[in-house]
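Working notes, beginning with the structure itself.
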Amino acid sequence: MRASRLLLSTVRETPAEAETISHKLMLRAGMIRKLAAGIYTWLPLGLRVLRRVEAIVREEMDRAGAQEVLMPAVQPAELWQESGRWDVYGPELLRLQDRHRRDFCFGPTHEEVITDLIRREIKSYRQLPANFYQIQMKFRDEIRPRFGVMRAREFLMKDAYSFHVDQASLKETYDVMYDTYSRIFRRVGLAFRPVAADTGAIGGSASHEFHVLADSGEDAIALCNACDYAANVELATALPPFGKRAAPTAAMEPVATPGQHTIEEVSRFLKVDPKRTLKTLLVRGTGGVVALVLRGDHELNPIKAEKLAHVAKPLEFVTPGEVEAVAHCEPGSIGPAGLAIQVIADESAARLADFVCGANKDGQHLRNVNWGRDLPEPEVADIRNVIAGDPCPGNEGKCNGTLEIRRGIEVGHIFQLGTKYSEAMQATVLDDAGRTVVMPMGCYGIGVSRVVAAAIEQNHDDNGIIWSDAIAPFQVALVPIGYHKSQAVRTAAEELYHTLTGAGFDVLFDDRNERPGVMFADLDLIGIPHRLVLGDKGLAKGTAEYKGRRDEKARDIALANVTTELFQALRLID
RNA sequence: CGGGGUGUAGCUCAGCCUGGUAGAGCACUUGCUUCGGGAGCAAGGGGCCGGAGGUUCAAAUCCUCUCACCCCGACCA
């Protein structure tokens, strides 16, 4: 492609709206333009990248035996009412009405549509297992779209749904998808980690997220430094502390802490390590208010807490008024001692001795408090987020490694759905014994447009984007110096352009009447991985100049060897 | 949804406090020069100052409403 014919809308100045690197660079490189909050147009350059990611996804899904379909973006409310999600989904679901005032939604996902299709089309276990995928625009009306296409409302997604006669078959396909996803992200050229994830409201037995590791990621992930344990912090388990609780050494005593509310304030005021304090959170329970007790330096994990029998779902904190009624104090002075309600303590909190906690009296805390002596032994559970330095729970708890917390961008998610949708929508087949069985399902998503942003987030420098060969909008940039001045350069460049194109390279031929500096800056910004420069000086010697996007310096190569050298650079031959 | 901020040329922004002929840089057009890392000079084109209403002799500027966009928050314990 000739650069003079391409809408190369690069901009030098950073648009004010962009915050993350990928967002800035995608705008500056002329890949995307915003139309409304979380809604973007893909310009030719950006679309080329998107299409390359799509192509890899498509190839690998096909290789894994999945079949491509294309389902409607707009879906009738009836299906969502049948699955029960019309009322559950909330404002994230973009609802519309047609001219007959019938309800529809713009699909944020397609479980209902595919389940409806398959219950009509598949009748026998002989047709199973079957896996269907599509690559299509989704719409989710996010509370706060941000970071460009990273968290957009309209976004391109590959979603796949598998159907099975039994759980074993589902597990088999799930494993295939796990491997397929790993292949896809490896081919795209991303540093990623599969991470055990919460199955959320959907239930089911297994779920993995695929995260691109990047500091700007919105998710926190716990990784082990010794084994391959990796879990979303929402799910990561904390091993109970080693050893036994120490014996009390001092008598409990009240201590005045006027105006000290937060753990930070109280521990600084009393000159005590936050690790030796307790915080007490009052939440709604299934039978009245429940107290959740954590060590001062730990955070509540709402997902873990919600799963406890005593705790109401969804997790909800009580109002300050209720705090007053139950604990007779402000929220900043609650403590488990003397509370006449269910107390659930995190494992680390239950292990403390001689700790500090609220006295249930404004401006007062207690010190040298001890479970069993000063208050009853609590019910114990894992209800906290893991933190860096926690022992790894991997290898049945025998890993001996330590967890670290990293940020990740979720680019893929696979899970075993089970029969939630097939049951609600009566998607059944006859098995080999002629019995009607509800089909277990799996579902597998990849945020295709998000992958593009994640790739930039992970691969860029001060000059711009650095694409991997696999998803670059063009493989090679051909830059003639003095194209509009020198007949020799023009002739040689045209010739080389034809040679390279003929050899199958995807070439961006910069035939614009621009100064070299402008061309170099543009090509670096848009991240073309390989660059060839032709000039009078080199031509006289019979050489062109080659520079990889990550290379410090360019080097001369003989014109006759350009094709071979490029094949090598792209690792198409050894 | 709550709080804060911003809307002025295609982009980044000044002007607003203290009302009086709408600006700069970049981008764009033309010419000349320049030509290996975002050139120089000259001449140009381009604005319902987000929208509506109000105050005033006079509003980008003051007031009210409204819309859009951006940021933060939704865990004091």
Side-chain angles (χ1 to χ4, degrees), chain A residues 8-20 23-24 27-28 30 33-39 90-91 141 143-148 257 259-267 274 277-283 289-296 298-302 305 315-320 322-324 326-327 329-336 339 349 356-362 364-365 383-385 462-464 479-486 489 510 512-526 531 533-538 544-545 547 553-554 556:
Chain A
L8 198 56
S9 290
T10 54
V11 287
R12 198 180 317 187
E13 284 174 282
T14 304
E17 70 193 55
E19 223 192 333
T20 52
H23 190 190
K24 285 177 188 167
L27 288 169
R28 285 193 51 209
R33 289 290 180 259
K34 185 175 71 178
L35 183 62
I39 300 178
D141 201 352
I143 304 179
R144 226 182 113 193
R146 56 183 142 175
F147 308 147
T257 50
Q260 314 297 313
H261 300 292
T262 65
I263 287 293
E264 203 180 311
E265 287 164 359
V266 170
S267 50
T277 68
L278 289 189
K279 63 169 107 173
T280 308
L281 286 63
L282 300 186
V283 301
V289 176
V290 173
L292 302 178
V293 180
L294 295 161
R295 216 169 71 183
H298 286 153
E299 276 185 359
L300 178 68
N301 179 317
L315 186 82
E316 220 179 317
F317 288 86
V318 303
T319 62
E322 290 167 284
V323 170
E324 177 69 39
V326 171
C329 66
E330 294 178 314
S333 292
I334 313 172
L339 281 186
V356 168
C357 66
N360 298 319
K361 202 184 275 185
D362 285 347
Q364 259 196 37
H365 282 71
I383 53 171
R384 70 175 175 98
N385 284 337
D462 291 345
N463 293 328
V479 189
I481 303 290
Y483 178 86
H484 296 264
K485 283 282 154 61
S486 160
V489 168
D510 202 341
R512 296 176 298 169
N513 190 7
E514 288 287 357
R515 299 161 58 83
V518 173
M519 295 193 282
F520 292 149
D522 273 347
L523 295 170
D524 281 351
L525 175 60
I526 67 177
R531 188 182 79 188
V533 178
L534 281 185
D536 274 321
K537 275 176 268 176
E545 182 189 282
K547 181 178 173 298
K553 280 190 188 155
D556 287 342

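In what follows, chains are A, B, ... by sequence order, proteins preceding strands, each numbered from 1. The figures that follow rest on heavy atoms only: side chains count, while hydrogens, waters and symmetry mates do not.
- When the P atom is compared between B:A74 and B:U64, the two are found 30 Å apart, to the nearest whole Å.
- Residues satisfying the side chain to side chain donor-acceptor pair (under 3.5 Å) criterion with A:T10, sequence neighbours excluded, are A:D522.
- Taking a pair to require two hydrogen-bonding distances under 3.5 Å in either a Watson-Crick or a G-U wobble arrangement, B:U56 remains unpaired.
- Remark: A:E324 CD is packed, more than 12 non-hydrogen atoms of other residues, nucleotides or ligands lying under 6.0 Å away.
- Looking at the side chain of A:K547, the nearest of the listed nucleotides B:G36, B:G37, B:C26 is B:G37.
- At B:A39, one or more side-chain N or O atoms of A:R515 fall inside 4.0 Å of OP1 or OP2 (strictly under the cut-off).
- Remark: C1' of B:C70 and NZ of A:K34 are 7 Å apart, rounded to the nearest angstrom.
- Rounding to the nearest 0.5 Å gives a distance of 10.0 Å between CG of A:L278 and NE2 of A:H365.
- Separating the C1' atom of B:A60 from that of B:G19 is a span of 10 Å, rounded to the nearest Å.
- Only the C1' atoms considered, B:G50 is 33 Å distant from B:A43, to the nearest whole Å.
- For the P atoms, the distance from B:C49 to B:G40 is 32 Å, rounded to whole Å.
- Pair assignment for B:U12 gives B:A24, based on Watson-Crick or G-U wobble hydrogen-bonding distances that are each under 3.5 Å.
- A gap of 26 Å separates the C1' atoms of B:C13 and B:U66, to the nearest Å.
- Looking at A:E265 and A:I263, their side chains never come closer than 4.5 Å, going by heavy atoms from C-beta outward.
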Between protein and nucleotides 73-77 of chain B, what N or O pairs are separated by less than 3.5 Å?
{"from": "B:C75", "atom 1": "N4", "to": "A:L300", "atom 2": "O", "distance (Å)": "3.1"}
{"from": "B:A77", "atom 1": "OP1", "to": "A:I263", "atom 2": "N", "distance (Å)": "2.6"}
{"from": "B:A77", "atom 1": "O4'", "to": "A:P331", "atom 2": "O", "distance (Å)": "3.1"}
{"from": "B:A77", "atom 1": "O3'", "to": "A:T280", "atom 2": "N", "distance (Å)": "3.2"}
{"from": "B:A77", "atom 1": "O2'", "to": "A:T280", "atom 2": "N", "distance (Å)": "2.9"}
{"from": "B:A77", "atom 1": "O2'", "to": "A:T280", "atom 2": "O", "distance (Å)": "2.5"}

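- Nucleic acid contact for A:V479: none, since no nucleic acid atom lies under 4.0 Å from a heavy atom of the residue.
- Side-chain contact, A:S486 with A:D536: a donor N or O sits under 3.5 Å from an acceptor N or O.
- Across the P atoms, B:G15 and B:G73 are found 29 Å apart, a figure rounded to whole Å.
- Set against B:G36, B:C26, B:G37, the side chain of A:I481 has B:G36 as its closest nucleotide.
- Pairing partner, B:G19: none, since no Watson-Crick or wobble contact has both distances short of 3.5 Å.
- Across the strands present, B:G36 finds no partner; the criterion is a Watson-Crick or G-U wobble pair with both atom distances under 3.5 angstrom.
- Base pairing analysis places B:G47 opposite nothing; no Watson-Crick or G-U wobble pair with both distances below 3.5 Å involves it.
- The CG-C1' distance, from A:D510 to B:G38, rounds to 13 Å in whole Å.
- Legend: residues meeting ring pair (Phe, Tyr, Trp, His ring centres under 6.0 Å) with A:Y483, ordered by chain and number and at least two apart, are A:F509.
- As rounded to the nearest Å, B:G44 and B:A52 have C1' atoms that lie 36 Å from one another.
- Listed candidates were B:G36, B:C26, B:C69. Nearest to the side chain of A:R12 is B:C26.
- Remark: P of B:U29 and CG of A:N513 are 11 Å apart, rounded to the nearest angstrom.
- Distance OG1/A:T20 to CZ/A:R146: 10.5 Å, rounded to 0.5 Å.
- Remark: P of B:G38 and CZ of A:R512 are 14 Å apart, rounded to the nearest angstrom.
- The side chain to side chain contact (heavy atoms under 4.5 Å, CB included) test applied to A:N301 returns A:I303, A:K304, A:N385, not counting sequence neighbours.
- Using P as the reference atom, B:G7 and B:C16 are 13 Å apart when rounded to the nearest Å.
- Summarising the geometry, the separation between CZ on A:F147 and C1' on B:C71 is reported as 10 Å, rounded to the nearest angstrom.
- Pairing partner, B:C41: B:G31, with both Watson-Crick or wobble hydrogen-bond distances short of 3.5 Å.
- Residues that satisfy the side chain to side chain contact (heavy atoms under 4.5 Å, CB included) test with A:P145, not counting sequence neighbours, are A:A37, A:E142, A:R153.
- Contacts of A:E19 with the nucleic acid, taken as non-hydrogen atoms under 4.0 Å apart, involve only primed sugar atoms and P, OP1 or OP2.
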Protein-nucleotides 5-12 of chain B N/O pairs under 3.5 Å:
{"from": "B:U12", "atom 1": "OP1", "to": "A:A16", "atom 2": "N", "distance (Å)": "3.2"}

**Item:** Stepwise side-chain contact (heavy atoms from CB on, under 4.5 Å) check, A:L300 with A:R384
**Value:** CA-CA 4 Å; A:L300 178 68; A:R384 70 175 175 98; over 6 Å; no
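- For A:I39 and B:A68, the CD1 to P distance is 12 Å, given to the nearest whole Å.
- The partner of B:C69 is B:G5, judged by Watson-Crick or G-U wobble contacts that both fall below 3.5 Å.
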**Request:** Walk me through it: do A:K547 and A:K553 pass the test side-chain contact (heavy atoms from CB on, under 4.5 Å)?
**Result:** CA-CA 7 Å; A:K547 181 178 173 298; A:K553 280 190 188 155; over 6 Å; no
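- Of the inter-residue distances, the one linking A:I334 atom CD1 with A:L282 atom CG reads 4.0 Å to the nearest 0.5 angstrom.
- One can find a donor-acceptor pair under 3.5 Å joining the base of B:G38 and the side-chain atoms of A:D522.
- A:R28 comes within contact range of at least one nucleobase, with a heavy-atom separation under 4.0 Å.
- For the pair A:L27 CG and B:C69 C1', the interatomic distance rounds to 14 Å; values are reported in whole Å.
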